[in-house]
Structure formats: C-alpha cells, structure tokens
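Let me begin by presenting the structure, written as structure tokens, before commenting on it.
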Amino acid sequence: MSGTVVVFGGRSEIGVAIAERLAPTASVVVLAVRPGSDAGAAAERVAARGARVEVVGFDADDTARHRAVVAEIEERFGAIDTAVLAFGILGDQERAERDEGEVVRILHTDFVAQASLLTVLADMMRGRGSGRIVAFSSVAGVRVRRANYVYGSAKAGLDGFASGLADALHGSGVDLVIARPGFVVGRMTEGMEPAPFSSTPDEVADAVVERLGKPGAPVLWIPWQLRAMFSVAPFVPRPVWRRMPR
C-alpha cells in the first residue's frame, strides 16, 4: 500500500494521471483543489481505479495557510505518504513584459508557493523519517529563454530550491523527485506549437510513477533524451539562444 496520496493541484491533467496510477495501492487519494473548483470529473476518474477519493480546498497562493492545510489533511486522512505538487500557471509573457503585477503573479505561484509547500511537507515527513514528494520543475528553467523568461525564471528558482532541498533530505528517509519535463501537450499549452521531444500528461505520469517505485537520482528528465539536449544548452551562443522558441 502507498498510504495517503495527496495531489496539490488535483484537477491538473498530470496530477490526475499520477493519482490514477497510484490509486490501486493507496489507502486514500486526496485531491487538493482551489476552493470552489469542480473536481467531480477528476475524482470520478481516480475512483474508477478502485481508490477512496476525497476532495479538499487548497489555495496554493495562500502560503500562510499551507502548514494548516497539510496538518488538517493528515488529521483527517492519516500521514501523507506521497505528495504531488501539480499546481502552476504559464502566465502571459507578453503582458508580463509591461505589467509587473503579472510578473509577481507568475513568480508567486510557480516559485514562492511551491517553495513554501515543499518546506512544510519536507519538515513534516522528515520528522517521521519517511515520505515521497514530487515537485515539477521544467526544462524551461535549465537555461531561461527570452520567449518565456518570466515562467522560465520561476522554474529556474524552483529547480534550484528543490535540488538543494533534495540534498538536505538525503539520508532522512524522504524521497524528493524533481520532475523536469519538456513541452507537455495538454490544456495548459493548448494552441502552442509543440517543441521537439514533447510529451503528454500520461507519459509524464508514467515516468514519475516508475521513478517513485524505485530509488534513483532526484532529477527526472521527461523524456530522458532532453538530458542530452540540454547538456549543450549552456554553450549555445547568446545571439542564437535569444531566438529559441518557448
């Protein structure tokens, strides 16, 4: 049994796909969604895999409530064994270049809120010496591109934070997986031209769940070919990199 599984961002395509795969061995799957959101379809999909499913309200941007929300989940459903942080926004790059409020909105959700929740979960899991956490970085943060530098910088910050946290958790019994997918074809990227080595939410979920089932390095490239591609990214001349698409 994988115990209590919590997906923060429980309506996201990747989050639901991961929940579906973990459901058969979970004692309960908790979908933490923005208050007022309709999570019925997501809950039905996960329940169809044989799991007990619960839905709770979670506002990722309300960082002052993160510790209380996690404590309430554990009080109601037991200690969290697996936590998946599947929330995030792309934001509007064009607007962000002239509106500092949009910049702050993207950075807060994609970096500040993530770092806050990761800290809470790591602290609670480290105290009992067990647990698994999945954080979603992105290749967009490996070397930030002009085309989406606000989102990319948020992911770069998250990637660095999670990498340091993974080192801090080494030997604690807590496994932090830093998923680093490329372009994911789904609702979040609808209307955009897919990049090379794109993946689907199901493919991302398959890779994450496979990694959760066995020990491994913290960073998980999805697909694996991106690791080789981005190993040369730091050496691409800036005038060329400046023209790279998102």
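Only heavy atoms go into these numbers, but all of them, side chains included; no hydrogens, no water, no symmetry mates.
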Test side-chain contact (heavy atoms from CB on, under 4.5 Å) applied to Y149 and Q93, step by step
CA-CA 8 Å; Y149 68 80; Q93 172 69 31; 3.0 Å; yes
Stepwise side-chain contact (heavy atoms from CB on, under 4.5 Å) check, V142 with D159
CA-CA 8 Å; V142 175; D159 196 273; 5.6 Å; no
Would E210 and K214 satisfy salt bridge (Lys or Arg N to Asp or Glu O under 4.0 Å), going step by step from the backbone distance to the final call?
CA-CA 7 Å; E210 181 181 3; K214 59 186 179 183; 3.5 Å; yes
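Applying the salt bridge (Lys or Arg N to Asp or Glu O under 4.0 Å) test to R211 and every residue at least two apart in sequence or in another chain returns D175. For D92, the side chain to side chain donor-acceptor pair (under 3.5 Å) test picks out no residue, with sequence neighbours left out. In terms of the side chain to side chain donor-acceptor pair (under 3.5 Å) criterion, R126 has no residue partners (sequence neighbours excluded). Residues passing the ring pair (Phe, Tyr, Trp, His ring centres under 6.0 Å) test with H108, sequence neighbours excluded: none. Qualifying salt bridge (Lys or Arg N to Asp or Glu O under 4.0 Å) partners for D62, counting only residues two or more places apart in sequence or in other chains: none. For F58, the ring pair (Phe, Tyr, Trp, His ring centres under 6.0 Å) criterion is met by F8, H66, F87, not counting sequence neighbours.
Expressed to the nearest 0.5 Å, how far CG of L176 lies from CG of L121 amounts to 10.0 Å. Here the OG-CG distance, from S153 to L107, works out to 5.0 Å after rounding to the nearest 0.5 Å. With rounding to the nearest 0.5 angstrom, the CG atom of D61 is 7.0 Å from the CD1 atom of I89. Here the CD1 atom belonging to I178 is positioned 9.0 Å from the CG atom belonging to L118, to the nearest 0.5 angstrom. Distance check: N148 CG to L90 CG gives 8.0 Å after rounding to the nearest 0.5 Å. Separation of atoms CG (L117) and OG1 (T63) is listed at 10.5 Å; rounding is to 0.5 Å.
By the 4.0 Å N-to-carboxylate-O rule, E100 lies too far from R95 to be salt-bridged with it. Salt bridge D110/K155: absent, no basic N to carboxylate O contact under 4.0 Å. One finds a salt bridge joining R146 and E97 here, because a Lys/Arg side-chain nitrogen approaches an Asp/Glu carboxylate oxygen to under 4.0 Å. For R67 and E72, the salt-bridge test fails: no basic side-chain N is under 4.0 Å from an acidic carboxylate O. Between E54 and R52 a salt bridge is recorded (basic side-chain N to carboxylate O distance below 4.0 Å).
The main-chain N or O of I106 is never found under 3.5 Å from a side-chain atom of T109 such that the two would form a donor-acceptor pair. R21 contributes a side-chain N or O that, together with a main-chain N or O of A17, makes up a donor-acceptor pair within less than 3.5 Å. Side-chain atoms of T4 come within 3.5 Å of backbone atoms of F77 as a donor-acceptor pair (strictly under, hydrogens ignored). Under a 3.5 Å cut-off, the side chain of E203 and the backbone N or O of T200 do form a donor-acceptor pair. Counting only distance, with no hydrogens or angles, the side chain of T119 and the backbone of A115 share a donor-acceptor pair below 3.5 Å. The backbone N or O of R45 sits nowhere less than 3.5 Å from a side-chain atom of R49 that would complete a donor-acceptor pair. A donor-acceptor contact shorter than 3.5 Å links the side chain of S138 to the backbone of A140. At distances below 3.5 Å, at least one donor-acceptor pair connects side-chain atoms of E74 with backbone N or O atoms of I80.
For the pair F111 and L158, the tightest heavy-atom approach, listed with the atom from each and the gap, is CD1-N, 3.5 Å. Taking each heavy atom of A32 and V6 in turn, the nearest pair found is CB-CG1, 4.5 Å.
The only option from V204, D206, V184 that meets the side-chain contact (heavy atoms from CB on, under 4.5 Å) definition with I222 turns out to be V204.
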